[in-house]
*Asks:* 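This is the structure I want to talk about, given as structure tokens.
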Amino acid sequence: MSAKLIDGKALAARIREGVAARAAVLREKRRPPKLACLLIGDDAASISYAGSQQKHAEGVGIDYELRLLPGDCDMQAALGAVDALNADAGVSGIIIQMPVPKGLDGFALQQRIAAAKDVEGVGAANLGLLAMGRDALAPCTAAAAFACCQATGVEIKGKEAVVVGRSVIVGKPLAMLLLGAHATVTQCHTRTRDLVAHTRRAELLFVAAGVPQLIGREHVSEGAIVIDVGTHRVDAGDGKKKTVGDVRFDEVAGVASQITPVPGGVGPVTVAMLLENTVAAAERG
Ligand code: NAD
């Protein structure tokens, strides 16, 4: 391997340290930052995810509150719960655990979150502000991929950046962040003709396609910086599982100048970004 690793765990630790210092200032002013999570139903994965969120939040001095609703509640009750969190002056940031049970409209629930408390950056207002180059709570994964690139120290301005993926929570906001940093941005997606021709032009290549091991040696030019957003649990043989990204790491590490590993790249930084957005929301509140 010739590429230098972009260490997401170390970057996340630095971000958490900064968040903890800001949270301490708020606590001193008796305005403790608080993240509230609305969990509807009893999906085991969601409950476990909320437990991990709580640990991360409390670890940096952010209070955490889990509000539970039964899985058979109706849309009116769910919207009422979001409204109550919006109106609660003690709550700085709100997450709605996805997916919500069948019969509820997860999109409508997320759009109901007050923009100032939308710490996952899933609402139209924050995406709109981001598109306008204004101060916004950016979607955490997009912000994390961008931060991994910034952490290389390489100037983004003027670079050819290629984003593979155009989802609302990753690809599109990532392209906006890169435009804001004055990169020349190409966005690729499932209907893109000749993906290789585009990715090979990238000096900064971001992959958020959700396809395990999509990007290989042939897609990457010598010296490119490669940020892999993908995360997948796949069979490792012997009945075991392993985590891989959208990039064939071993191949691409031989040609890239710097690359994020999976696991240990964008993932840990995403969690840190949620904490950073929460403390930022509390500071403004
Ligand atoms: P998504 O499925 O919503 O979007 C995937 C995008 O990739 C689509 O816009 C699609 O057009 C494009 N795409 C798919 N196949 C392609 C192909 N062959 N060529 C070109 N474009 C292609 O996924 P998402 O929510 O944006 O997530 C992307 C990846 O990031 C997933 O692997 C997901 O697990 C991962 N993810 C990681 C984190 C993290 O914290 N690291 C957080 C969220 C998502």
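This is a predicted model, so every value here is computed, not measured. Atoms within each ligand, like the ligands themselves, are counted from 1 in listed order.
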*Asks:* Please list, in number order, the atoms of ligand 1 under 4.0 Å from a heavy atom of A208.
*Replies:*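 Within the 4.0 Å cut-off of A208, ligand 1 contributes 5 (C), 6 (C), 7 (O), 28 (C).
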
*Asks:* For G216, is there any backbone N or O sitting under 3.5 Å from a side-chain donor or acceptor partner on H219?
*Replies:*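 Yes, H219 side chain to G216 backbone: donor-acceptor pair under 3.5 Å.
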
*Asks:* Note the single closest protein heavy atom to atom 40 (O) of ligand 1, along with its residue, its atom name and the distance in Å.
*Replies:*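 Minimum-distance protein heavy atom for atom 40 (O) of ligand 1 reads T270 OG1, 3.0 Å.
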
*Asks:* Ignoring hydrogens and geometry, is there a side-chain-to-backbone donor-acceptor pair from D246 to A209 under 3.5 Å?
*Replies:*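 Checked: pair present.
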
*Asks:* Report yes or no: does R284 contribute a side-chain atom to a donor-acceptor pair with the main-chain N or O of A116 at less than 3.5 Å?
*Replies:*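 No: the side chain of R284 does not pair with the backbone of A116.
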
*Asks:* Does M75 reach the side chain of D105, with side-chain heavy atoms less than 4.5 Å apart?
*Replies:*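 In short, these two side chains touch, coming nearer than 4.5 Å.
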
*Asks:* Out of G210, A209, G267, A145, indicate the one that has the non-hydrogen atom closest to atom 5 (C) of ligand 1.
*Replies:*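 Of the listed residues, A209 has the closest heavy atom.
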
*Asks:* Please could you name the atoms of ligand 1 that H232 approaches to less than 4.0 Å, counting only its heavy atoms?
*Replies:*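 The atoms of ligand 1 under 4.0 Å from a heavy atom of H232 are 32 (O).
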
*Asks:* Can you name the atoms of ligand 1, numbered from 1 with element, that are less than 4.0 Å from a heavy atom of V211?
*Replies:*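 Counting atoms of ligand 1 from 1, those under 4.0 Å from V211 are 15 (N).
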
*Asks:* Just need the protein heavy atom nearest to atom 13 (N) of ligand 1, so name the residue and atom and give the distance.
*Replies:*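 For atom 13 (N) of ligand 1, the nearest protein heavy atom is T190 CG2, 3.6 Å.
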
*Asks:* With atoms numbered from 1 as shown, which atoms in ligand 1 lie under 4.0 angstrom from a non-hydrogen atom of V164?
*Replies:*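 Numbered from 1, ligand 1 contributes 20 (C), 21 (N).
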
*Asks:* For the residue pair I96 and I113, establish whether any side-chain heavy-atom pair is separated by less than 4.5 Å.
*Replies:*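 Touching, per the 4.5 Å side-chain cut-off.
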
*Asks:* Relative to the heavy atoms of H189, which atoms of ligand 1 are at a distance of less than 4.0 Å?
*Replies:*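 Listed by number with element, the hits are 11 (O), 19 (N), 20 (C), 21 (N), 22 (C).
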
*Asks:* Using side-chain hydrogen bond (donor to acceptor under 3.5 Å, both in side chains) as the criterion, point out the one residue from K55, K34, E58, Q53 that pairs with Y64.
*Replies:*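 Of all the options given, the one that passes is Q53.
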
*Asks:* Quick one: look up the protein heavy atom nearest atom 24 (P) of ligand 1 and list residue, atom name and how far away it is.
*Replies:*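 Ranked first by proximity to atom 24 (P) of ligand 1 is S167 OG, 3.7 Å.
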
*Asks:* Less than 4.5 Å apart, any side-chain heavy atom of I259 and any of I6?
*Replies:*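 No, side chains not in contact.
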
*Asks:* Looking at atom 38 (C) of ligand 1, what's its closest protein heavy atom, distance included?
*Replies:*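 The protein heavy atom lying closest is T141 CG2, 3.6 Å.
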
*Asks:* Considering only non-hydrogen protein atoms, determine which one is nearest to atom 12 (C) of ligand 1 and report residue, atom name and distance to 0.1 Å.
*Replies:*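 Looking at atom 12 (C) of ligand 1, the protein heavy atom closest to it is G165 CA, 3.8 Å.
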
*Asks:* Give the numbers and elements of all ligand 1 atoms closer than 4.0 Å to a heavy atom of V170.
*Replies:*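 Answer for ligand 1: 26 (O).
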
*Asks:* Which protein heavy atom lies closest to atom 36 (N) of ligand 1, and at what distance to 0.1 Å?
*Replies:*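 Here the closest protein heavy atom is V229 O, 3.7 Å.
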
*Asks:* Salt-bridged, D118 to R112, with N to O below 4.0 Å?
*Replies:*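 No, no charged N to carboxylate O under 4.0 Å.
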
*Asks:* Among all protein non-hydrogen atoms, which one is nearest to atom 8 (C) of ligand 1, and what is the separation to 0.1 Å?
*Replies:*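 Here the closest protein heavy atom is R166 N, 3.9 Å.
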
*Asks:* Could you identify the single nearest non-hydrogen protein atom to atom 17 (C) of ligand 1 and state the distance to 0.1 Å?
*Replies:*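 Protein heavy atom at minimum distance: L214 CD2, 3.9 Å.
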
*Asks:* For the CG atom of L177 and the CD1 atom of I156, what is their distance to the nearest 0.5 Å?
*Replies:*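 If we round to the nearest 0.5 Å, L177:CG and I156:CD1 are 9.0 Å apart.
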
*Asks:* Is it true that E218 and R248 make a salt bridge, defined as a side-chain N closer than 4.0 Å to a carboxylate O?
*Replies:*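 Salt bridge flag = yes for R248 with E218.
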
